[in-house]
Amino acid sequence: MASVRRVPVVCVVPILWALEVAAPRPDSRVLLHPPMVELGADPGPGKLSFMLQTPPRATPKLEVKVGGEWRATRESERVHVDLGGVAPHDVLTFDAEGLPSRARVPYRVTAEGRVQFSALAATPPAPGQGYEMAVFGDCGGATPGQAAVGYQAWLKKPSMTMIVGDVVYDRGRASEYARRFFPQYLNQDPGVRRGSPLFTECLAVSAAGNHDTGYRDMNAYPDGLAWFVYWRQPPQGPTRTGEKNAPIPAGAGGARLIRSAGSTYPRSANFGFDYGDSHWTVLDSNVYVNWKDPQMRDWLDKELARGASKAWRFVAMHHPPYHSSRKNAGQDWMLAVHDLFLKHKVDVVFCGHVHNYQRSAPMQAGGAFDRAFDGKKATKADGVVYVVQGAGGAALYDQDLAQKPAAWKPYTLNYLAGNSFGWIKVGKGRVEFSQIDGAGKEIDRWALSR
């Protein structure tokens, strides 16, 4: 009898994307996810912070390698996260100082005498040093675009990545971070469909979007407002717990959220920091903040003034006052601070919220704009350029307008469809901007010069 070769039948079917994947993880008795590189409370040259998630009462150590020697870092904060929707866990912050600037420094997590995780982290530049960075927003939707953008950004090895809000969908919950953010950006098995270890190697900074801090009913969303739980950023803002202009949690779980957030709630929603020859200001642009309030304007006036000595001044916030999309048209309440941006000579404001890529001419007072600037041949701007970076992974919209420039606002210089991220090279006298799509192709290029 002739042998019969049995060939397995493979059924090829369309796969609807649901990238709520489980990335390769370290020992879950020590780390629930790989570490995430963040600003911490006191950023500056030679400094990095690392956010670790552990089972309750775990005691890992984090070390950095400088000059050929491993050095212990300081555990600056530990909070116990006890919210509905996720298993109780601890969030630890380790601060490293005395690192070389603009370098890639080895770090490792140890516990019980064993190395649990190791990687290289990019350190911030010092004054006088240039840097390269990525920027995108509206990303955490567990989509192919999110994975592709994160992967392409990681391939370019940025020094820093700025997320301009809407970090996770739909409600900014800790359970959504666990499925739609950490596996995609802390993934140790990188691939264009899987994501990358972007934030285990690159400093991540975030502005708060409406999907991050807009859902404050802790009865309906007991693990909501998780933006304050997982982002360790400078607590510099003017608001205090329970005050207006802050996202006040409602329901029985509000007190648990405030305890789980630790030092970040609510003051870390607004902050600034120096980075090389630039100053960054990060704002909470959500509707619960009244930027016409004298208290808020006074704080912002002083914060922007801190960047006066820097060659470049950038702002990151979620809601764009200038864009050409049909959706979210008229949501221009951040025009309330455009005059302060002009006063302090802000160069670029990076926004999200609108799920595509757009950039404006330099905007002046009263809706006027610099008609000579094109970012190609004419690169000296008279006004503030607004860039929409909302194509980081969430469902896109108003894509048809990319092919209809006649429908754009007069100040819109470019409008592109598809998922993409911004790539920025910052030098003392010139900043070069590229827009990179999910396949790694450059789809726009422009520059600013002094």
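Note: hydrogens, waters and symmetry copies are ignored here, and every other heavy atom, side chains too, is used. Residue numbers run from 1 in the order of the sequence given.
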Partner residues of [X] under the salt bridge (charged side-chain N to carboxylate O under 4.0 Å, His left out) criterion, sequence neighbours left out:
X: Asp223; value: Arg173
X: Arg313; value: none
X: Arg74; value: Asp95
X: Glu243; value: none

*Atom pair OG1/NZ of Thr161 and Lys156 - distance to nearest 0.5 Å*: 12.0 Å

*Can you list every pair that meets ring pair (Phe, Tyr, Trp, His ring centres under 6.0 Å) and has a residue in residues 66-85, with sequence neighbours left out?*
none

Counterpart residues, side chain to side chain donor-acceptor pair (under 3.5 Å), relative to [X] (two or more places apart):
X: His353; result: Asn210, His318, Gln331
X: Asp298; result: Lys302
X: Lys61; result: none
X: Ser196; result: none

_Neighbour count above 12 (heavy atom, 6.0 Å) for Arg29 CZ_ = no

Under 3.5 Å, which donor-acceptor pairs link side chains of residues 419-426 to any protein atom two or more places apart or in another chain?
unit_1 : atom_1 : unit_2 : atom_2 : d
Asn419 : ND2    : Ala391 : O      : 3.2
Ser420 : OG     : Gln435 : NE2    : 2.9

*Among pairs that include at least one residue of residues 253-267, which meet salt bridge (charged side-chain N to carboxylate O under 4.0 Å, His left out), considering only residues two or more places apart or in two chains?*
none

*So which pairs with a foot in residues 116-128 pass side-chain hydrogen bond (donor to acceptor under 3.5 Å, both in side chains), sequence neighbours left out?*
none

_Where Val229 and Arg232 come nearest, the two heavy atoms and their spacing_ = O-NH1, 2.6 Å

